[in-house]
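What follows is one structure encoded as structure tokens, with my remarks underneath.
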Amino acid sequence: MQQSLFSQGQAPINPPKKLVSRENLNQAQYEAVTAGDGPVLVIAGAGSGKTRTLVYRMAYLLERGVAPENILLLTFTRKSAQEMLHRAGQLMNDYSQRVLGGTFHAVANLLLRRHGHHLGYSSNFTILDQSDSEGIINLIKSSLELGGAGKRFPTKRVIINIIGKAVNKAMPFAELLEQQYLHLYEYLPDLERIRNHYQKFKFEHGLMDYDDLLVNLKTVLHDFPAVRDEVAARFTNILVDEYQDTNPVQADIVRLMAHGHNNVMVVGDDSQSIYSFRGADFRNIMEFPQIFPGTRVITLEENYRSSQEILTVTNSIIEQATEKYSKKLFSNIAGGAKPVVFGARNETEQARFITDKIIEINQSGVPLAEIAVLFRSGFHSYKLELELTNHRIDFDKRGGLKLTESAHIKDVLSYLRVISNPYDNLAWNRMLLLLDKVGPKTVQNILAKIKDSTDPFAVLEAYPAAKSWAAGFNKLVDLLKTLRENELTPSGYYETALDYYQGIFERIYHDDYPRRSRDLDQLREIISGYDNLQSFIDDTALDPPQPAAESASALANSDKLILSTIHSAKGLEWDTVFVIHLTEGKFPSSQAFLPEEREEERRLLYVAATRARNRLFFTFPREIMSQDRKMTIGGISPFLAEIPAGMVKTTVLPGSMVRQDFTARPIIADRGAKSSDPSSFLAGTGVRHPFFGEGKVEKVIGPRTVEVFFPRHGRKTLHLDYAKLERLK
DNA sequence: TGAGACGCTGTTTTT
DNA sequence: CAGCGTCTCA
């Protein structure tokens with residue numbers, strides 16, 4: 001499944017001839033495809049044939065005699081790399097399959113297995129996913145005895161986000177907290193301590209998180225010119241997709257890998273940048289020409305996907321962005337209906353409307369697989385999923401929870417992980433905690449011995465177990481011995497571990513283990529496709545299989561409706577697209593209150609709407625059920641309200657008595673007086689902040705956001721739910 | 001020291 | 001609606 005970086009010796013196939021011509025490309029695409037050596041930046045609007053351009057560029061390079069092994073294709077997901085190589089394969093032949101394509105993280109993984117020893121990592125390091133990282137934070141938090149005291153101490157999730165952002169933006173903690181997590185400023189020293197312990201923990205136990213893959217690759221390329229030169233010689237042509245979503249570390253990696261030849265083509269769209277939470281900045285793409293002097297810039301503006309009716313609306317959405325983007329799309333696809341806006345009374349009515357429409361459109365001849373429902377967050381589709389199930393409409397959900405994040409899957413993986421990396425302390429921790437009568441204290445005692453030993457397994461075997469748990473402990477020791485002493489296939493390891501785990505499994509998940517065991521069966525399917533344990537373990541973090549994996553089975557071309565988060569829908573297109581839950585507070589998310597965060601929400605809507613070819617629906621429920629069953633009234637998303645009236649058609653459900661009134665109304669906060677009433681912070685009000693001291697409100701930016709000037713710290717944007725602002729009399 | 005019960009909270013997006 | 005912290009009992 002995983003391509004080896006340095007595999008060689010496939011039978012040579014002759015390179016293709018004369019595929020690239022003016023007939024299958026427009027002027028701008030042709031220019032990009034046939035550009036000579038040196039750096040090229042392609043600004044490619046939505047639906048402008050970006051993938052086509054990259055695929056033909058590969059064909060062109062091969063035609064010109066570049067060996068496929070010397071081409072590197074960096075993409076955002078593994079899926080899109082596979083898709084592009086597949087399309088290239090159709091165009092030419094298997095020759096193109098020898099191009100190395102994958103995500104930055106996957107390529108970093110391959111390179112670091114080979115070169116990581118320069119940094120003190122052995123080649124069997126283990127990759128941590130987000131929940132692994134959070135687990136380490138928890139261990140550290142309790143060992144440092146933080147968190148218990150003050151209840152407002154940030155959660156592991158927030159901590160890991162902060163650590164990640166600081167790395168990806170190459171920003172000191174203090175500055176990051178001041179800019180984005182002001183309410184946590186008082187914890188700066190504690191957070192720094194946690195971060196330092198976290199880094200040390202990972203290094204000592206041969207673990208790398210997602211950011212480490214990138215940062216360590218950058219470091220090894222930067223600090224070891226021999227490595228850099230070897231890599232640059234191997235990849236003489238580098239193609240990068242979705243460049244607007246790269247962060248500064250990734251930009252550096254590209255620069256270092258292209259050292260000496262600068263044959264880099266990057267493709268992207270500044271108005272589709274939606275990954276700032278990962279440190280991406282759309283300005284990166286604009287700065288590309290400064291990093292690579294002499295860059296040729298080519299802009300693709302003709303849209304081949306959507307009808308003009310749809311483009312008129314999407315253009316209007318992006319035109320209202322505060323940051324002006326570099327292009328305006330046009331289409332020659334005539335006809336098509338105006339996009340529809342539907343305001344539902346509540347979530348149930350929204351779900352019913354969508355289901356009815358889907359049935360209607362499906363019966364008119366559009367396959368289900370050509371219809372997609374897109375939303376901001378994974379849980380926004382719950383109600384709809386119920387409704388679809390009632391109507392027996394098959395769907396495939398993308399994004400959201402992953403198979404490998406469920407506890408029982410992590411349990412089984414922990415046995416395989418210590419076989420692959422005996423210093424994987426996190427896996428040890430998890431595995432030992434599964435023993436009956438063994439808790440955190442006992443585990444810490446065992447781990448303390450393992451940590452400094454040269455042979456963790458021998459130490460474990462010799463550990464004096466207490467009577468209450470000795471029996472279970474000995475079984476575990478036996479299991480590990482079996483796993484270690486036999487050369488097995490990945491499936492073999494899995495079956496052996498599962499055999500042992502079954503008893504524990506039924507004990508700890510006694511109320512719902514039958515449901516969970518279906519996941520274990522799925523994992524069995526997946527692992528059977530691997531012949532190497534390490535690459536299986538890598539993929540559980542780098543390319544997590546989805547719960548409803550259509551993988552090996554023949555379901556591949558079945559006709560299913562697509563439900564997807566917008567982030568997971570990037571780069572895809574459908575005949576009909578529904579964008580749902582366009583309610584203030586849901587989309588845009590209530591989490592996004594800083595101006596630049598609101599702007600990203602707008603780009604997100606733009607990405608969603610530009611996925612549609614023929615039909616586009618925007619729906620929003622006015623009433624949203626909140627957690628405590630109190631009703632909350634949300635207004636229409638401001639982004640929708642801004643669309644000029646003539647561009648869309650508004651619909652009412654037959655019989656609905658609801659007024660179609662699209663005024664944006666703020667959500668009525670149902671949390672009582674959690675924080676001060678915003679109306680008491682009008683411009684001019686004197687306020688006191690626990691960290692910044694006294695200041696004066698200059699401007700009210702949003703319902704819960706104000707801009708305050710502090711004489712000692714300058715102008716700050718504050719959110720009333722977080723900042724503990726006090727009003728001065 | 002571990003296990004289980006109870007009540008509170010806060011909930012984006014992905015490699 | 002799960003994932004916590006806290007509490008109690010074994």
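Letters go in sequence order (proteins before strands), and every chain restarts at 1.
Residue contacts for A/Asp436: at a heavy-atom cut-off of 4.0 Å it reaches the sugar-phosphate backbone alone, with no base atom in range. Within the 4.0 angstrom heavy-atom criterion, only backbone atoms of the sugar-phosphate kind lie near A/Thr77; the bases stay farther away. Looking at heavy-atom distances under 4.0 Å, A/Phe76 makes contact with sugar-phosphate atoms alone, never a base. Within 4.0 Å (heavy atoms only), A/Phe104 reaches no atom of the nucleic acid at all.
Atom pair A/Arg602:CZ and B/dT12:C1' shows a separation of 19 Å (rounding to whole Å applied). Separating the OH atom of A/Tyr275 from the P atom of B/dT13 is a distance of 11 Å, rounded to the nearest angstrom. We find that CD1 of A/Ile566 is positioned 11 Å from P of B/dT13, with the value rounded to whole Å. A/Phe587 places its CZ atom 17 Å from the C1' atom of B/dT11, with the value rounded to the nearest Å.
Each of A/His567 and A/Val438 was assigned the nucleotide of DNA chain B with the nearest heavy atom; the assignment lying further toward the 5' end belongs to A/Val438. Nucleotides of DNA chain B nearest to A/Gln130 and A/Arg376 differ in position, and the one nearer the 5' end is that of A/Arg376.
OP1 or OP2 of B/dT11 has not a single side-chain nitrogen or oxygen of A/Ser377 nearer than 4.0 Å. In terms of phosphate contacts, A/Thr155 brings no side-chain nitrogen or oxygen within less than 4.0 Å of OP1 or OP2 of C/dC4.
For A/Thr565, counting side-chain heavy atoms from C-beta on, the closest listed nucleotide (B/dT15, B/dT14, B/dG2) is B/dT14. Residue A/Glu601 has its side chain nearest to B/dT12 when only B/dT15, B/dT12, C/dG3 are considered. The side chain of A/Ser568 approaches B/dT14 more closely than any other nucleotide in the set B/dT15, B/dT14, B/dG2. Side-chain proximity of A/Lys156 to B/dT13, B/dG2, C/dG3: nearest is C/dG3. For A/Lys441, taking side-chain heavy atoms from C-beta onward, the closest of the listed nucleotides B/dT15, B/dG2, B/dT13 is B/dG2.
Annotation: A/Phe104 is not in aromatic contact with A/Phe76 [ring centroid separation under 6.0 Å not met].
Using a cut-off of 4.0 Å between Lys/Arg side-chain N and Asp/Glu carboxylate O, A/Lys50 and A/Asp269 are scored as not salt-bridged. A salt bridge is absent between A/Glu601 and A/Arg598; no separation between the charged side-chain nitrogens and carboxylate oxygens falls under 4.0 Å.
By the 30° and 60° cut-offs, the orientation of the rings of A/His408 relative to A/Phe505 is tilted.
Proximity of A/Glu597 to A/Phe277: side-chain heavy atoms (C-beta onward) are nowhere separated by under 4.5 Å.
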